[in-house]
Number of protein chains: 2
Amino acid sequence: MGINERKEREKAEREQRIIGAARMLAEKDGWTAVTVRRLAQEIEYSQPVLYAHFENRDAIVGAVALEGFGELGPVLRASVRRGASPAEAMEDVAMAYLEFAFKRPALYEAMFVLPSGLRFAKSDTPQSLRDTFRAMMAVVEPFCANAEVATEAFWATLHGLAELERHGRIRAALRKERVTHIVDMLARRS
Amino acid sequence: MGINERKEREKAEREQRIIGAARMLAEKDGWTAVTVRRLAQEIEYSQPVLYAHFENRDAIVGAVALEGFGELGPVLRASVRRGASPAEAMEDVAMAYLEFAFKRPALYEAMFVLPSGLRFAKSDTPQSLRDTFRAMMAVVEPFCANAEVATEAFWATLHGLAELERHGRIRAALRKERVTHIVDMLARRS
DNA sequence: TTAATAAGTCTAGCAGCGCTAGATTGTCAC
DNA sequence: GTGACAATCTAGCGCTGCTAGACTTATTAA
């Protein structure tokens, strides 16, 4: 009975269209512009249909966030130049992380700032987020005994840099200098 | 003519009551619970009165944020133990910053996360925020050549730790360990 | 003292939001 | 064809930020 399969396929496609529309609208006009009404209009269905796919608006944000996690890990891994020293690798990852945050601010916001209904540091943490964490850990490990704690701290630093710069609290022009400073601090042998 | 002065005094008092109500409501039920209607009810005036004090809701958030900046600087300065070494001083400030963020999450959110209409790193940066920045710079300076960049990075790290922990992205139980790790990194002589 | 003006405040309402109950339409097995 | 079920829509609730225009009170001028 291929009919049900077709229906499921169509449903999955529609769900993807919702997520795509949310992401597009968010990047274009910010997350406040992403309303259920507008998404419904975008996919050419009535409003209640969206609630057959997602429990509420937050769940839509969460779905976009999940997409983001799927992209960030590979971006970080690919950012390390061939033959880079451990310190250079760390700098590459740091800069790639920040570039990701600023090239896709709405995506980044969904992943790390907005309520998205996603759970972390628990057993149900998405695999893609684990991968992202591991990508960061890989460049921290060579310099730190307790790699998990050090990675959490490294990640926090990057997130803080992204957020403070995004809100205009620190000067965007000095991004590279700050990263260099941080890598200098972390990567020098004690 | 003391009448106008009395009126100005009353207006200032009412403004303070609005800010106080906003802060109280935010700490109790989160910022989404802080609606103009509820604030109006709280100060026992009708809704439009609030718009004689603040341009819009964001401006109210901004006023609360400004209060927060007035408190954070002194908190950081007071946190350094007597006779603390430079490294210990840095750790004191870091822990005090995080405790501030977690004891007054709504206040912290107003200061650093929510749109508040405040401008930073510009000529019109509030004096209290400058003071806060200087309090952080004071403990970073002993270890870094370029104190401004280093302080921005230090601040970003603290902010990132606060935010990731607040959102459950990193384990709250390891807060102290992360801070110790960071101070170890920054405070060792190169 | 009274009339005109100004300041202060309120009522009522707009357009938009997230979300949902209940009606309606379309699709299928029999 | 018909009844059952799923898919979808219309219409609406209670909330939001914000504001126009009415009204009431205070201040000034004649």
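Order of the sequence lines fixes the chain letters, A, B, ..., with proteins taken first and strands second; residue numbering starts at 1 for each chain.
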Reading nucleotides 10-20 of chain C from 5' to 3' and marking B where a protein heavy atom lies under 4.0 Å of the base, S where only the sugar-phosphate is that close, and - otherwise, the string is BB-B---BBBB
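Regarding Leu50(B), its CG atom lies at a distance of 16 Å from the P atom of dG8(C), rounded to whole Å. The distance from atom CD1 of Ile18(A) to atom C1' of dT8(D) is 13 Å, rounded to the nearest whole Å. If you take CD of Glu15(A) and C1' of dA7(D), they are 16 Å apart, rounded to a whole angstrom. In this structure, CH2 of Trp31(B) is placed 12 Å from P of dG17(D), rounded to the nearest angstrom.
Glu91(A) pairs with exactly one of Leu186(A), Ile182(A), Val179(A) by the side-chain contact (heavy atoms from CB on, under 4.5 Å) rule, that one being Val179(A). Here the rule is side-chain contact (heavy atoms from CB on, under 4.5 Å) with Leu161(B), and of Arg178(B), Arg175(B), Arg166(B) only Arg178(B) fits it.
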Which pairs would a plain distance check flag for residues 56-72 of chain B, meaning a side-chain donor or acceptor within less than 3.5 Å of a matching protein atom at least two apart in sequence or in another chain?
from: Asn56(B); atom 1: OD1; to: Asp58(B); atom 2: N; distance (Å): 3.2
from: Asn56(B); atom 1: OD1; to: Ala59(B); atom 2: N; distance (Å): 3.1
from: Arg57(B); atom 1: NE; to: Val34(B); atom 2: O; distance (Å): 2.9
from: Arg57(B); atom 1: NH2; to: Trp31(B); atom 2: O; distance (Å): 2.6
from: Arg57(B); atom 1: NH2; to: Val34(B); atom 2: O; distance (Å): 3.1
from: Glu67(B); atom 1: OE1; to: Arg23(B); atom 2: NH1; distance (Å): 2.7
from: Glu67(B); atom 1: OE2; to: Gln16(B); atom 2: NE2; distance (Å): 2.7
from: Glu71(B); atom 1: OE1; to: Arg23(B); atom 2: NH2; distance (Å): 3.1
from: Glu71(B); atom 1: OE2; to: Arg23(B); atom 2: NH1; distance (Å): 2.8
from: Glu71(B); atom 1: OE2; to: Arg23(B); atom 2: NH2; distance (Å): 3.4

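Looking at residues two or more places apart in sequence or on another chain, you find no side-chain hydrogen bond (donor to acceptor under 3.5 Å, both in side chains) involving His181(B).
Linking ILVMFWY residues whenever their side-chain heavy atoms come closer than 4.5 Å, directly or via other members, leaves Leu174(A) and Ile170(A) in distinct clusters.
Under a cut-off of 6.0 angstrom, the local environment of CD in Glu44(B) is sparse, with at most 12 non-hydrogen atoms contributed by other residues, nucleotides or ligands.
OP1 or OP2 of dT9(C) sits under 4.0 Å from a side-chain N or O of Arg14(B).
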